[in-house]
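Data block below; observations after.
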Amino acid sequence: MRNIKYLFAGLLFGIVLVKSEVISWFRIQEMFRLQSFHMYGIIGSAIIVGIISVIIIKRFNIKTISGEAIAIPDKKFNWGNVYGGLIFGLGWAITGACPGPLFAQIGSGFLVTLVTLLSAILGTWIYGLLRERLPH
Amino acid sequence: MDLITQPWPWYVAGPLIGLVVPALLIIGNKTFGISSSLRHICAACIPANISFFKYDWKKESWNLFFVAGIVLGGFIAAQFLSANHQVKINPQTHALLQQQGVKDFNGLLPKDIFSFDELLTLRGFVFMVIGGFLVGFGTRYAGGCTSGHAIMGISNLQWPSLVATCCFMAGGFIMTWFILPYLLHL
């Protein structure tokens, strides 16, 4: 039951994704063709709010609701960030959706996106299978 | 009510998305990231003795609740908070896509590409199946997606996340400008 709060957080996030048309294939096409500010405005302002929030959390030593100290693990660089990043980018421009919007599309009635999601799960699985043989 | 059913502008949606970062940290010390859920689904359903999927995914089950919430939020937004209208994209993008072979501009996705009927055509297969595969393979290889790297990682000033985000964009530009026109004509 303690996980219900994350369901609720996801629900609000899902509503924003749909209402701002982030889940629209057309919006992603516009973004990659540099013909609209919409997506850049969303991602940019989300990052700015995120940066400010993390600064405030660290500066004032804000705790979680259960009183734990907040710890954010560092991201360590590996070449997968580059190779995988490029591969994801190629896919993102085709499907017009990154993983969050895939879930939101399914909820908003595009059941065919289930196929895209299953294929993404398969892609993740194949990565796991080949991981040790891939350059990182 | 009109304000709600209209599409929300970037300056409302962006900050709200940014607030997911502190919200998850404060409610449970969780870092925002969605593509991990795909790994947890693999670990839960088809681990197949692969070391990458041998971990206690149940400890990460919050992430699965989060993505289930996204599905539910998508449903609520589409059923109760939206008026049906076309996505008002730049007329130039509209014209260009039309020229490249997109016909249906009525919904959030072009139904002449994304539908069960199209799944068995080469174009539909490439857009849904190959596209999805690249998203799942690429995000895990990169160690995160738009949420985990571009938003969470950069919010925490992690330079590897900035590198990954630049690569996401580079991949997207290469596809859109040089490959997609051919794929749309398949």
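Convention: sequence-line order gives letters A, B, ...; per-chain numbering from 1. Computation of the quantities below employed the complete heavy-atom set of this structure, encompassing side-chain atoms and omitting hydrogens, waters and symmetry-equivalent molecules.
- For a residue to count as touching a neighbouring chain, one of its non-hydrogen atoms must lie under 4.5 Å from one of that chain's; by this rule A:Ile70 touches chain B with backbone and side chain alike.
- In this structure, chain B has heavy atoms under 4.5 Å from both the backbone and the side chain of A:Pro73.
- Neither the backbone nor the side chain of A:Ile55 has a heavy atom closer than 4.5 Å to any heavy atom of chain B.
- Rounded to the nearest 0.5 Å, atoms CD1 (A:Ile28) and OG1 (B:Thr93) are 12.0 Å apart.
- Proximity of a side-chain donor or acceptor of A:Trp92 to a complementary backbone N or O of B:Phe168 within less than 3.5 Å is not detected.
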Original post:
Can you check side chain to side chain contact (heavy atoms under 4.5 Å, CB included) on B:Leu97 and A:Gln29, steps first, answer last?
Top reply: CA-CA 9 Å; B:Leu97 286 171; A:Gln29 297 305 316; 4.1 Å; yes

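- Contacts with chain A (heavy atom to heavy atom, under 4.5 Å) involve these residues of residues 53-63 of chain B, listed by number: B:Phe53, B:Ser61, B:Trp62.
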Report, one line per pair, each donor and acceptor closer than 3.5 Å where one atom sits in a side chain of residues 8-23 of chain A; sequence neighbours left out.
{"residue": "A:Lys19", "atom": "NZ", "partner": "B:Ile4", "partner atom": "O", "Å": "3.0"}
{"residue": "A:Lys19", "atom": "NZ", "partner": "B:Thr5", "partner atom": "O", "Å": "2.9"}
{"residue": "A:Lys19", "atom": "NZ", "partner": "B:Gln6", "partner atom": "O", "Å": "3.3"}
{"residue": "A:Lys19", "atom": "NZ", "partner": "B:Leu81", "partner atom": "O", "Å": "2.8"}
{"residue": "A:Ser20", "atom": "OG", "partner": "A:Val16", "partner atom": "O", "Å": "2.6"}
{"residue": "A:Glu21", "atom": "OE1", "partner": "A:Arg27", "partner atom": "NE", "Å": "3.0"}
{"residue": "A:Glu21", "atom": "OE1", "partner": "A:Arg27", "partner atom": "NH2", "Å": "2.8"}

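- Contacts between A:Lys58 and chain B at a heavy-atom distance below 4.5 Å involve the side chain alone, from C-beta outward.
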Original post:
What do the steps show when you test B:His149 against A:Asn81 for side chain to side chain contact (heavy atoms under 4.5 Å, CB included), and what is the final call?
Top reply: CA-CA 9 Å; B:His149 273 311; A:Asn81 297 146; 3.8 Å; yes

Subject >> Residue pair B:Cys42, A:Ile121: steps toward the side chain to side chain contact (heavy atoms under 4.5 Å, CB included) verdict >> reply: CA-CA 7 Å; B:Cys42 289; A:Ile121 293 169; 3.8 Å; yes

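- Contact annotation for A:Arg33: both backbone and side-chain heavy atoms come within less than 4.5 Å of a heavy atom of chain B.
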Original post:
Would A:Phe32 and B:Met175 count as a side chain to side chain contact (heavy atoms under 4.5 Å, CB included) if you check the C-alpha gap in whole Å, the side-chain angles of each, and the deciding distance to 0.1 Å?
Top reply: CA-CA 9 Å; A:Phe32 283 130; B:Met175 176 55 71; over 6 Å; no

